[in-house]
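Right, one structure below, let's go through it.
Keep in mind that the numbers below use all heavy atoms, side chains included, and drop hydrogens, waters and symmetry copies.
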Amino acid sequence: MDDSMKRLLQRLIRRIPAHMLRTTLDKWGRLSGAQQRSLDFTQPKWVLTEKLLAICEENGWTIKHITELEMTYVIDNPNQGMWHASQLMDPEDDAHSVELTQFKEQFKAHLSELVRPVSVKIKKHTDEAVWIRIAWGDRFSEPNHLKPTYVVHHLQTPYVFVTSLTSKQKPLLSQALVLSTRYQAIKDANLSGRKLTAIRDLLMRHYQQVFPTKYPSPLKEKNQTVSNPHVEKEQAGPAVNRLQMACEAFGDGTLPQLQSAVYKLETKFRDHTNKIMTEREEPFRCVVKFASTNLLESLRHCASTGIASTPVTPLLSSIPLKGKNYFVITDNGPGPSSQMRQPLT
């Protein structure tokens, strides 16, 4: 066993929480019954690591087997880093017919033509998502398995989710994806977050939406409290309308747990009392960031309770409507433009 393999296994065991280690190793499926029974999970992690290193030596495992263990853990626990969404554009006629075997072969072939050496491992998850682990190398070094890129793509959809990708690697990955999926281009979706399932559900509309109708049926307030009946009667109409508009803007039920939304302002400064700022040629620039453990839930609550005014401003309702959380606001139009100014890193 070489040093790089030892470092990868040691780092991985440190990364996996102690209470999840047994389950992860079981799902990995590489240990025999006797080897599983020989592991004492009440011992410190460094003792378990040494035992696993000895088993690796005994079984003659390679880096391939350790990356399988890493993928097993990451697929079950995807909320480890910052995920960025991209969207494939302009599908060719046969794009809808690309299946897993064909995609795997072509992706590996195209990426290997663009960069050498490179290590690619592809695995299909139970939810039909294709997971790709890429360890990048160059002409001076072997693939670095300690800093892999992870890519998630649902076949037959145009959406791709990526984490741990550098600006240098981005065009290489983009070209390999475009060629292997039978699309002609790929663009940033201006959507990112630490919860992969949240940005996936938001972009693919996998949450309960409320659509406006000519005669909307009023939505019932959740967790209503008993109060003065005269006050209730006076406030009933406005409260129902606020809740209806809040749910139309952000959705109903459980919402995707998006953590942030960023608005970058690039506009002329307008204030007749401040000539220095008003007369400057350069546009006024600033960045506003909304952050929460569940941003959409927080915004919906603010709108439905009257903390924020309704109808909801398009600046906020555009988050679920457009499936984005990064906007650039300019003087070119009344609504938010959406050109991504940050790389997928």
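Asn325 places no side-chain N or O within 3.5 Å of a backbone atom of Ile319 that could act as its donor or acceptor partner. Glu92 places no side-chain N or O within donor-acceptor distance of the main-chain N or O of Asp94, the cut-off being under 3.5 Å.
Looking only at side-chain heavy atoms (C-beta outward), Lys170 and His84 stay at 4.5 Å or farther from each other. A heavy-atom distance below 4.5 Å is found between the side chains of Cys56 and Ile66. Side-chain contact between Ile63 and Asp2: absent, with no pair of heavy atoms (C-beta onward) separated by less than 4.5 Å. Side-chain atoms of Leu31 and Asp26, non-hydrogen and from C-beta on, never get closer than 4.5 Å to each other. Residues Asp76 and Thr23 are not in side-chain contact: their nearest non-hydrogen atoms beyond the backbone lie 4.5 Å or more apart. Using a 4.5 Å heavy-atom cutoff, the side chains of Phe107 and Val151 are not in contact. Between Thr267 and Pro283 there is no side-chain heavy-atom pair separated by less than 4.5 Å.
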Q | Residue pair Arg30, Ile55: steps toward the side-chain contact (heavy atoms from CB on, under 4.5 Å) verdict | A | CA-CA 10 Å; Arg30 290 287 179 181; Ile55 293 174; over 6 Å; no
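His145 and Arg133 form a side-chain donor-acceptor contact under 3.5 Å, judged by distance and modelled atom types alone. If you check the side chains of Ser292 and Asn294, you find no donor sitting under 3.5 Å from an acceptor. Side-chain atoms of Tyr183 and Gln87 include no donor-acceptor pair closer than 3.5 Å.
Below 30°, between 30° and 60°, or above 60°: for Tyr159 and Phe161 the angle between ring planes is between 30° and 60°, a tilted geometry. Using a 30° and 60° split on the angle between ring planes, His125 and Trp131 fall in the perpendicular class, above 60°.
Between Leu9 atom CG and Arg14 atom CZ the span is 10.0 Å, to the nearest 0.5 Å. Distance check, rounded to the nearest 0.5 Å: CH2 of Trp61 to CD of Glu68 gives 10.0 Å.
Closest approach of Glu297 to Gly253, counting heavy atoms only: OE1-O, 4.4 Å.
Under a 4.0 Å N-O distance rule, the pair Asp201/Lys195 does not qualify as a salt bridge.
Taking hydrophobic clusters as Ile, Leu, Val, Met, Phe, Trp and Tyr residues chained together by side-chain heavy-atom distances below 4.5 Å, Val47 does not share a cluster with Leu21.
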